[in-house]
**Student:** 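The structure is given below, and queries will be raised subsequently.
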Amino acid sequence: MGKTRREFLAETTLGVAAGVMGGGALAHDGAAAEAAGGGFDAVEEDPSQQQPAGAPPAFGTGAGVGPEPSPATFSEAEKLVQVKLSEAECAQAAKSWRGNMSTLYERRTGPRKVELGAAVVPFSRTVSVLPGHKAGAASNRFVRSKSDPGPLPAKEEDIAFATVTRLSRWVEQRKLSSERLTQIYLKRIGQYDPKLRCVITMTEELALEQARKADTEIASGKYRGPLHGIPWGGKDLLDTAGIRTTYGAEPYRDRVPKDDAAVVKRLHAAGAVLIAKLSLGALALNDIWFGGQTMNPWLLEEGASGSSAGPGAATAAGLVGFAIGSETGGSIVAPSMRCGVTGLRPTYGRVPRTGAMTLCWSLDKLGAMTRSVEDTLLVLQAISGPDAGDVSSVPSTLDFDASRSVKGLRVGYFPAWMKEAPATDVDRAALETVRKVGMVPVEVSLPDWPYQALDLILFAEGAAAFEELTLSGGLNQLREQTYDAWPNIFRQSRFLSAVDFVQADRFRRKVCGEMAGVFEKVDVLLVPSLRDDILTITNHTGHPSLTMRAGFVEVAEARTDWAPDPSRPLPKFSPPRRVPHGVTLIGRLFDEGTVGSAGLGLERAFAVVNERPPGF
C-alpha cells in the first residue's frame with residue numbers, strides 16, 4: 001500500500017510549505033503551495049505514491065520545528081490562560097505542537113524572518129463611525145466667542161496664564177506680539193521647569209523664528225486664525241523634523257525623526273509656535289521618564305499623573321499657551337484632573353496619529369490640553385481631518401457655537417457611581433450645577449459586565465507595537481521595572497491567548513452597542529473622571545471626553561499612578577492640601593460640539609477655572 005497523504009506530505013519539502021500555510025488561509029492549488037516556498041514539481045517521487053490531483057494541503061503536516069514541548073508544558077500553560085485540558089488532550093497537544101503550531105512563529109523566529117517596521121499597521125481597521133451613522137453633525141460650522149479680551153495685563157504672569165481665547169484676540173489686534181509672548185513662556189520654562197521636569201527638549205530657535213514670522217504675517221494682514229502666533233508644547237511622542245522625539249524612554253532618547261507628525265504640520269500651518277517637546281511617562285505610561293518624574297504644579301510632592309504629564313504640568317503652570325497630549329487609556333483625563341486643566345480627548349479617528357508613537361493602533365488618540373473649554377475646541381478645529389498615513393482617520397464635521405444655549409440638554413449620569421469612590425462632593429455638586437444651568441439630569445445604566453477584560457486589547461497591541469524592544473532586551477533600559485510597568489506587562493502579554501483577543505474584540509463590539517443605546521436617551525454623560533469602568537469603556541468605544549476643573553478637594557496623601565508599593569511610601573500632609581478636582585463629560589461619537597457647549601455652560605457656573613497654582 002502506498003503512503004498516506006499525511007505521511008507523504010510530512011516527508012517532503014511540500015510539508016514545510018503546508019505547515020506555513022496552516023497558519024493562514026488554506027491553499028487550494030499547487031501555485032499557492034509553490035508561492036509558500038515549495039511546489040509539487042520540486043518533489044521526485046514514485047507516481048504511485050503521489051496523491052490524487054486536487055487534494056488540498058492539510059493541517060498537522062508541517063516539518064517538526066522548534067522546541068519539543070511535553071504534556072507538562074501544557075499543564076503549566078493552562079494556568080496562564082485559565083483553560084483546562086485532560087491528560088490525554090495535553091498529550092495530544094504536546095505531540096502535535098511542532099507540526100501544527102510551531103511554524104506559525106516563523107515570521108519572528110526564522111529562518112524566513114519578516115521585519116514589520118513601525119509603518120505597518122494591522123490589516124483590521126478600527127472605525128468609530130457606527131453602521132448607518134455619519135462622522136459628525138449634519139452641519140459643519142465653528143463659531144467662537146465674540147467677547148472682548150479686555151486690556152492687555154501689565155504683569156507677564158497674567159499674560160502667561162491667559163486662555164488661548166484671549167491671547168489670540170490680543171495677538172490678532174496686535175496688542176501683543178507673538179515674539180513677546182514666546183519670550184514670556186521661554187523665560188517661565190527656564191524658571192519653573194527645574195521644579196516640574198515637564199520639558200524634554202526646548203525648541204527655542206524654531207519658536208522665535210515662527211513667532212517673528214507670525215508677527216510679520218499678521219502685520220501684513222495675513223491672519224491665519226486663533227492659533228496664529230500662540231506658543232504650544234507637544235507631548236514628546238509627536239515626531240518633529242530634525243528635533244529629537246524620545247517617547248520619554250531611554251532607548252529612544254537620541255532619536256531624531258526626519259518628518260513632522262500630521263498634527264505638528266497642521267499646527268505649523270495654523271501659525272502656532274512650537275516652544276517645547278513635553279514629557280511623558282516612558283512609552284506613554286504614567287509620569288516617570290528618563291529625566292525623572294514630572295510633578296504637579298498644585299502639589300509639588302506628587303507626580304503630574306500621566307502619561308500626558310508634561311502637557312498637564314506645563315499648561316497648569318502657565319509655561320505654554322496650550323499643549324497636545326495623547327490618550328490610550330486615560331492619559332489625557334488623568335493629568336487634566338491632577339493638574340486642574342481642561343483636556344479634550346477627541347473621538348477616535350477624528351485626529352490623525354500619523355507620525356505619533358504607536359502604543360495601540362485601535363486605541364491611541366491625540367487631543368488638546370488647555371486652560372479653558374473653548375480653547376480645546378479652537379485646537380480641535382485646527383488638527384481635525386483625515387490623513388493618508390492613518391488608515392483609521394476619517395472625514396468628520398464639527399458643529400460648535402460658543403453662544404449656544406445649553407438649556408434642555410439631557411445629561412446622563414450613573415446614580416451608583418455618584419455615591420461611591422472615586423466620586424467626591426465636587427462630582428455630586430456638579431450634578432446639581434447641571435440642573436442650575438437648565439440642563440436635564442437623566443439616570444442611565446450599563447450592564448454589570450467585566451469591562452476590564454477589554455484591556456486584553458491594550459496589552460496585546462502594546463506588546464505587539466514594542467515587540468522588537470521586548471525581545472531584544474531594550475525594555476531593560478527603562479527606569480521603571482516594577483510589576484505594573486510596561487517591561488513586565490509586555491513580557492506577560494506574550495502569553496495572552498489569541499482566541500481571547502478575538503473574543504475581547506467581539507466583546508468590544510457588544511459594548512459599543514450598549515453605549516449607542518445610552519446615547520439614544522441623552523446628549524452627554526457626566527461621570528467621575530477617574531471611574532475605571534467609564535475610562536475603559538469609552539477609550540475602547542472611541543467616544544470623546546472633556547475633563548474640566550469643577551472645584552477643589554483636600555488630600556492628606558500624595559496621589560500616584562503606580563500600584564501600591566510599601567518600599568516607596570507616599571508623602572502625607574497635615575493639614576491636608578487643597579488641590580483641583582475635575583469632572584468629565586462624555587459625548588456622542590463625533591459630537592464634540594455638544595460636549596463643548598455643555599462644558600462652556602458648566603465652566604461659567606463652576607467659576608473656578610481662573611485660579612492658579614500657588615507659586616507660579
Side-chain angles (χ1 to χ4, degrees), residues 121-131 133-137 235 237-238 261-263 266 284 307-308 324-334 336 343-369 376-377 379-381 383-398 451 454-458 460-462 465 504-505 507-516 518-519 524-525 527 534-547 584-596:
V121 303
F123 182 76
S124 299
R125 185 165 67 107
T126 303
V127 180
S128 289
V129 185
L130 297 176
H133 292 74
K134 294 182 178 180
K235 186 174 180 178
L237 51 59
L238 295 172
V263 162
R266 290 178 183 183
S307 66
S308 301
I324 298 293
S326 73
E327 174 153 327
T328 304
S331 291
I332 288 176
V333 173
S336 294
L344 177 61
R345 182 191 74 207
T347 304
Y348 177 87
R350 182 186 281 280
V351 177
R353 291 93 38 98
T354 311
M357 185 200 88
T358 296
L359 179 60
C360 295
W361 291 275
S362 73
L363 288 167
D364 295 342
K365 296 160 284 284
L366 301 173
M369 298 173 72
T376 65
L377 276 297
V379 177
L380 180 66
Q381 184 191 32
I383 63 177
S384 292
D387 181 82
D390 181 354
V391 297
S392 292
S393 62
V394 296
S396 60
T397 57
L398 175 63
Y451 296 105
L454 293 169
D455 280 340
L456 189 151
I457 297 170
L458 163 64
E461 288 195 32
D505 201 41
F507 179 38
R508 184 179 187 174
R509 175 70 66 181
K510 191 174 180 71
V511 173
C512 286
E514 291 293 330
M515 285 295 288
V518 168
F519 277 107
V524 295
L525 293 173
V527 299
I534 201 66
L535 269 177
T536 302
I537 290 168
T538 57
N539 268 291
H540 284 81
T541 59
H543 286 82
S545 76
L546 179 73
T547 300
T584 292
L585 296 172
I586 308 293
R588 291 190 185 96
L589 295 170
F590 298 99
D591 193 15
E592 285 86 345
T594 299
V595 176

**Student:** Going by atom types only, do Lys235 and Ser307 share a side-chain donor-acceptor pair under 3.5 Å?
**Tutor:** yes
**Student:** Do the side chains of Glu592 and Leu546 get nearer than 4.5 Å, heavy atoms only?
**Tutor:** no
**Student:** Counting N and O atoms only, with roles assigned by atom type, does the side chain of Ser128 sit under 3.5 Å from a partner on the main chain of Tyr348, one being a donor and the other an acceptor?
**Tutor:** yes
**Student:** Less than 4.5 Å apart, any side-chain heavy atom of His540 and any of Ile457?
**Tutor:** yes
**Student:** Any side-chain to backbone donor/acceptor pair from Thr347 onto Leu589? Under 3.5 Å, distance only.
**Tutor:** no
**Student:** Here's a test for you: under side chain to side chain contact (heavy atoms under 4.5 Å, CB included), which of Leu237, Ile332, Ile383 qualifies with Leu366?
**Tutor:** Leu237
**Student:** Sort out for me which residue in Thr584, Thr547, Thr538, Thr376 forms a side-chain hydrogen bond (donor to acceptor under 3.5 Å, both in side chains) with Arg345.
**Tutor:** Thr538
**Student:** Provide the closest heavy-atom pair for Ala356 versus Ala261 in the form atom of the first, atom of the second, distance.
**Tutor:** N-CB, 4.3 Å
**Student:** Using side-chain contact (heavy atoms from CB on, under 4.5 Å) as the criterion, list what pairs up with Arg266, not counting sequence neighbours.
**Tutor:** Pro352, Asp387
**Student:** Looking only at non-hydrogen atoms, find the nearest pair between Ser392 and Arg353 and report the distance.
**Tutor:** CB-NH2, 4.0 Å
**Student:** Compare all side-chain heavy atoms of Leu380 with those of Arg350 and state whether any distance is below 4.5 angstrom.
**Tutor:** yes
**Student:** Quick one: are Thr594 and Leu585 in side-chain contact, heavy atoms under 4.5 Å?
**Tutor:** no
**Student:** Would you check if Leu525 and Phe519 make a side-chain contact, meaning some heavy-atom pair closer than 4.5 Å?
**Tutor:** yes
**Student:** Does any non-hydrogen side-chain atom of Glu461 lie less than 4.5 Å from one of Pro122?
**Tutor:** no
**Student:** Can you name the ring-ring contact (aromatic ring centres under 6.0 Å, His included) partners of Phe507, sequence neighbours left out?
**Tutor:** Trp449
**Student:** Tell me whether the centres of the aromatic rings in Phe590 and His133 are closer together than 6.0 Å.
**Tutor:** no
**Student:** Work out which heavy atom in Val394 is nearest to a heavy atom in Ala135; give both atom names and the distance.
**Tutor:** CG2-CB, 4.3 Å
**Student:** Closest approach of Met357 and Ala284, non-hydrogen atoms and distance?
**Tutor:** CE-CB, 3.8 Å
**Student:** Quick one: pull up NZ in Lys365 and CG in Asn539 and give me the separation to the nearest 0.5 Å.
**Tutor:** 4.0 Å
**Student:** Where the side chain of Asp390 meets the backbone of Thr354, is there a donor-acceptor pair that is under 3.5 Å apart?
**Tutor:** no
